[in-house]
Trainee: 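This is the structure I have questions about; it appears just below.
In each ligand, atom 1 is the first atom listed, and ligand 1 is the first ligand listed.
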Amino acid sequence: MNIKEITYTLRLLEEDDLTTDHVMAMLNDPEVNQFLARSLPVSKSDERNWISSVNSSQSEVVYGIFVNENEKEILIGTCGIHKIDWISRKAEAGIAIFHKKYWEQRIGTSVVRDMLDFAFNTLNLERIYTSALSFNVRSIAMQKRIGFKEEGIRRNSFYKNGEMHDEIMLGLLREEYYAQKS
Ligand SMILES: CC(C)(COP(=O)(O)OP(=O)(O)OC[C@H]1O[C@@H](n2cnc3c(N)ncnc32)[C@H](O)[C@@H]1OP(=O)(O)O)[C@@H](O)C(=O)NCCC(=O)NCCS
């Protein structure tokens with residue numbers, strides 16, 4: 001496959017980053033939301049409150065994924081380290097590229113690797129876990145290529161597209177990540 005590498009920037013979200021009409025439309029797009037844990041529509045005030053709560057939280061870090069289009073900074077998704085447990089040194093990773101034209105261009109792979117470097121090197125965590133709906137083959141393929149191991153299945157965990165779906169649990173330890181990188 002010949003994929004042109006796309007340059008992106010990760011930065012903390014500001015209050016109004018998620019509230020433009022274009023971003024709101026993407027956040028409420030059923031084709032995107034079918035893959036996410038969230039099912040209810042979101043409003044501008046939901047998004048403002050969410051940004052304010054994550055930016056003041058000691059247990060999660062969320063970044064916006066931005067690309068440059070015609071000299072303009074465009075928000076295409078978010079990624080984060082959530083539920084940080086500072087005693088057991090583990091956390092949950094999450095990513096959503098909600099601008100669909102940017103799917104399958106290896107941005108997800110690269111962003112998750114950036115987040116893992118941040119989680120293991122800067123936050124000094126030992127274990128990162130995540131999960132994906134069983135039909136989200138793109139996400140599962142990406143996580144496994146990065147080195148996540150399948151750790152189990154939560155049966156009938158999410159109702160999406162008119163039926164129940166299993167949730168695939170995935171985890172990655174710091175030593176495994178650096179062993180396969182070297
Ligand atoms: C999931 C997501 C983060 C992946 O990011 P991305 O930039 O699109 O993915 P990448 O291009 O880095 O990698 C996708 C991989 O899936 C593979 N893939 C795609 N369709 C596939 C299929 N039907 N079967 C198997 N593998 C498939 C691709 O070939 C690619 O692997 P490769 O690079 O080894 O060829 C992004 O698509 C997204 O945010 N989707 C919507 C929300 C979502 O699903 N979030 C994750 C919730 S767990």
Trainee: Please verify the inter-ring angle class for Phe135 with Phe35; under 30° counts as parallel, over 60° as perpendicular, anything in between as tilted.
Mentor: tilted
Trainee: What's in the same ILVMFWY side-chain cluster as Met164, cut-off under 4.5 Å, chained through other members?
Mentor: Tyr159
Trainee: Regarding Asn49 and Ser52, do their side chains bring together a donor and an acceptor under 3.5 Å, going by distance alone?
Mentor: no
Trainee: Let's go through Asn121 and Leu116 carefully: what are the C-alpha distance in whole Å and the side-chain angles of both, what is the deciding distance for side-chain contact (heavy atoms from CB on, under 4.5 Å) to 0.1 Å, and is it a yes or a no?
Mentor: CA-CA 8 Å; Asn121 273 332; Leu116 289 169; over 6 Å; no
Trainee: Below 4.0 Å from ligand 1: does a non-hydrogen atom of Ser131 turn up there or not?
Mentor: yes
Trainee: Consider every N or O of Met142 and every N or O of ligand 1, then say whether any pair is closer than 3.5 Å.
Mentor: no
Trainee: Ser139 heavy atoms, cut-off 4.0 Å: which ligand 1 atoms fall inside?
Mentor: 1 (C), 46 (C), 48 (S)
Trainee: Rounded at 0.5 Å granularity, tell me how far CE in Met142 sits from CG in Asn136.
Mentor: 8.5 Å
Trainee: Do the side-chain N and O atoms of Ser131 and Glu167 include a donor-acceptor pair separated by under 3.5 angstrom?
Mentor: yes
Trainee: Give the atom numbers and elements of ligand 1 that come within less than 4.0 Å of a heavy atom of Ala141.
Mentor: 16 (O), 17 (C), 26 (N)
Trainee: Is the closest heavy atom of Gly77 to ligand 1 under 4.0 Å?
Mentor: no
Trainee: Counting only heavy atoms not in Gln58 (residues, nucleotides, ligands), do more than 12 fall under 6.0 Å from its CD?
Mentor: no
Trainee: Would the number of heavy atoms belonging to other residues, nucleotides or ligands and lying under 6.0 Å from CZ of Arg154 be above 12?
Mentor: no
Trainee: Going by distance only, is there an N or O of Ile95 that falls short of 3.5 Å from an N or O of ligand 1?
Mentor: yes
Trainee: Output yes when the distance from some N or O of ligand 1 to some N or O of Ile97 is under 3.5 Å, and no in every other case.
Mentor: yes
Trainee: For Ala96, counting its heavy atoms only, list the atoms of ligand 1 lying under 4.0 Å from any of them.
Mentor: 39 (O)
Trainee: Side-chain polar contacts of residues 90-99 - donor-acceptor pairs under 3.5 angstrom, sequence neighbours left out - could you list them?
Mentor:
residue : atom : partner : partner atom : Å
Glu92   : OE1  : Lys83   : NZ           : 3.1

Trainee: Please work out which of Arg106, Arg113, Gln143, Glu104 has its closest non-hydrogen atom nearest to atom 20 (N) of ligand 1.
Mentor: Glu104
Trainee: Using a 4.0 Å heavy-atom threshold (strictly under), name the region of Leu133 that reaches ligand 1: side chain, backbone, both or neither.
Mentor: neither
Trainee: Can you list the ligand 1 atoms lying under 4.0 Å from a non-hydrogen atom of Arg145?
Mentor: 31 (O), 32 (P), 33 (O), 34 (O)
Trainee: Which of the numbered atoms in ligand 1 are below 4.0 angstrom from a heavy atom of Gln105?
Mentor: 11 (O)
Trainee: Could you tell me, atom by atom, which parts of ligand 1 come under 4.0 Å of a heavy atom of Thr109?
Mentor: 10 (P), 12 (O), 13 (O)
